Amino acid sequence: MKVAVQEAAFDLGAEANAFAAGHREMGAVVTFSGLVRADGGLAALEIEHYPGMTEKAIRTIAEEARDRWSLGDVLVIHRHGRLEPGEAIMMVATAAPHRRDAFEAAEFLMDYLKSRAPFWKKEIGAEGTAWVAAKDEDEAALGRW
Amino acid sequence: MKVAVQEAAFDLGAEANAFAAGHREMGAVVTFSGLVRADGGLAALEIEHYPGMTEKAIRTIAEEARDRWSLGDVLVIHRHGRLEPGEAIMMVATAAPHRRDAFEAAEFLMDYLKSRAPFWKKEIGAEGTAWVAAKDEDEAALGRW
Amino acid sequence: MEVLYFAWVRERIGLPRERVETRAATVSDLVAELTAREERYAAAFADLSALRVALDQELAEFDAPLDGVREVAFFPPMTGG
Amino acid sequence: MEVLYFAWVRERIGLPRERVETRAATVSDLVAELTAREERYAAAFADLSALRVALDQELAEFDAPLDGVREVAFFPPMTGG
C-alpha cells in the first residue's frame, strides 16, 4: 500500500504502470484520477490539508477498503498547494483478482477520501477566491457502503 | 472516442496520460486494465477475435455508454493474439465531469465487452491448452444496467 | 453464404470459414443441415445452449431468419475483457 | 492544548493554530469559551453545522470530552478528491 500526500506533481501514467507492474498475479487494475477542470475563469486551485492527520485518515480508509474487498494492493496520491487547470489533483489505484472488487474498492476510496480526508479546495478565479463547498451528494454517497 | 483492436502491446500509462491530457474540461478519469494473471502454470494466453464484428460491437457498446452517462470521452483498446503473463490484455478509459459517471460507464463498458464483444481466450499451460469458459456471473452482470 | 467458426467451434469443425449453399430458412435449419453432414459438425453443434450466433456481424437468436444474410458466424459465449 | 484552524475557519480567526489554556470539558464548552473571547471567533463558530472537529487527528463530535486531548482542530466539511 502506497499513500503519498505531496505538493509535487505526479505522473499519472507512470504511477499506473508501476502499480500494475507490481501486481502480476492480479487480473484487474482500476485507476481514478481527479483533475483540475479547465472551466471558464478558473486560474488555479489551492489545496490546504492537515499535515499528520491527512496520511492517517487516508491509511485508515485504504485499510478499510482492504478489509472489505479482495484486493492485491491500493495506491493513493493526493496533492496539496497550488494546482493549475488540467493538472492531476489526486489518484487512486486498486489491483484485484476480479474487476468488481477493483471497481468497488476504488469508488469506496474516492467517496471516503472526498468527505473524510482533511483537504480543502479553494478556487482562484479572475474575480477573487472562494472555498469549494462540500456537496450533500458527497456525504450521501457514503451511505452506499 | 478511440477504439483499437490490435495485436501489438500498448503502454497503459502512456494511453492513460494521453487520454487525460485530451480532456482538460473533465474532472474525473477512470481507467480499467485487464492483465494476464501470472498464475501458477499459465505460459501464455491466446486471444482470438472476429475481425470486422469486433470493432463494430465495441463501438456499439461505447456509444451506448455515451448515451447513458454524461461522458466527455471513451477509450477502448483490446489486444488479440498471444500474450504473456503480466501483459495488459485490454483497457478502457472514461472521462466525465463527475466521478460517478466515469466509474459507472467504465464498469458498464467492461461488463458488456466481457460478454458481448467477440473475443475468446485460450489458456496455454504446461499441460496443454484450454478455452476459457464464460462465467454465469459475467452474463448476470449485464442485468445491472 | 459465408459461414464462420471461432474458438472451439472452429477447432471441432476443423476450418475457420466456408462457403455454404443452402436454402435454410432459419439459423436452426442451417444447423440441422450442417449437423447432418458430418460427425465433426454434429460434435460442434451438439449443445446449442453453449453456442452463440451472429448474422452479418450482429448477435442473433437461433430462430432468426436467414433471408438476405451473407455471413453467419458460430462461436462459444465470448470471453473478452 | 493546541487548537488548529483550517480553510475559512483559519481565515476568519486569522491564525492557523494557537495554544489555549482551558478547563473546557467538551468541544462545545471550548467553542463557547472561544466564542466569548472575540468577534472573529464568534464569526468562525457561528454555525456549528458547517463545522467539523478532530481530536488528536481523529474526527469527533462536538459533545466529545476533551479529557487527555492534546490537539483540537476546527475546519469546514472536507472537499478533497
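Proteins get letters first, then strands, A, B, ... in listed order; numbering begins at 1 in each. Because the structure is predicted, anything quoted here is derived from the model rather than measured. Computed from heavy atoms alone, side chains included, the values below leave out hydrogens, waters and symmetry copies.
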Exercise. Do the ring planes of A:W145 and A:W69 sit parallel (below 30°), tilted (30 to 60°) or perpendicular (above 60°)?
Worked result: perpendicular

Seminar exercise, completed: Ranked by heavy-atom pairs below 4.5 Å to chain A, first place among B:V36, B:I89, B:L35 goes to B:L35

Exercise. Roughly how far apart are A:F119 CZ and A:H49 NE2, rounded to 0.5 Å?
Worked result: 6.5 Å

For this session: Heavy-atom pairs under 4.5 Å with chain A are the metric here; pick the option from B:L42, B:T31, B:D11, B:D111 that has the most.
Result: B:T31

Exercise. Any residues in residues 94-110 of chain B near chain A, with a heavy-atom distance under 4.5 Å, and which are they?
Worked result: B:P97, B:H98, B:R99, B:R100, B:F103, B:A106, B:E107, B:M110

For this session: For chain B, find which of A:A18, A:A14, A:G27 contributes the most heavy-atom pairs closer than 4.5 angstrom.
Result: A:G27

Exercise. Tell me, side chain or backbone of A:V92 under 4.5 Å from chain B's heavy atoms, or both, or neither?
Worked result: neither

Problem set entry | Salt bridge B:E15-B:K2, side-chain N to carboxylate O under 4.0 Å | yes

Problem set entry | Point-to-point distance, once rounded to the nearest 0.5 Å, from CG of A:L75 to CD1 of A:I77 | 4.5 Å

Seminar exercise, completed: In terms of heavy-atom pairs under 4.5 Å with chain B, the winner among A:M26, A:M91, A:K114, A:R37 is A:R37

For this session: Please determine if B:K121 and B:E48 form a salt bridge, counting it only when a charged side-chain N lies under 4.0 Å from a carboxylate O.
Result: no

Exercise. How long is the gap from CG on A:N17 to CG on B:L12, to the nearest 0.5 Å?
Worked result: 5.0 Å

Exercise. Relative to chain A, which of B:A93, B:S33, B:A16, B:G86 shows the most heavy atom pairs under 4.5 Å?
Worked result: B:S33

Throw together a table of side-chain donor-acceptor distances under 3.5 angstrom for residues 55-63 of chain B, partners on residues two or more places apart or in other chains.
residue : atom : partner : partner atom : Å
B:E55   : OE1  : B:G52   : N            : 3.2
B:K56   : NZ   : C:Q57   : OE1          : 2.9
B:T60   : OG1  : B:K56   : O            : 2.9

Exercise. Between A:A20, A:A88, A:A141, A:A38, which has the largest tally of heavy atom pairs under 4.5 Å with chain B?
Worked result: A:A38

Exercise. Is A:R79 salt-bridged to A:E87, going by a charged N under 4.0 Å from an acidic O?
Worked result: yes

For this session: For A:D67, look at atom CG and say whether over 12 heavy atoms of other residues, nucleotides or ligands are found less than 6.0 Å away.
Result: yes

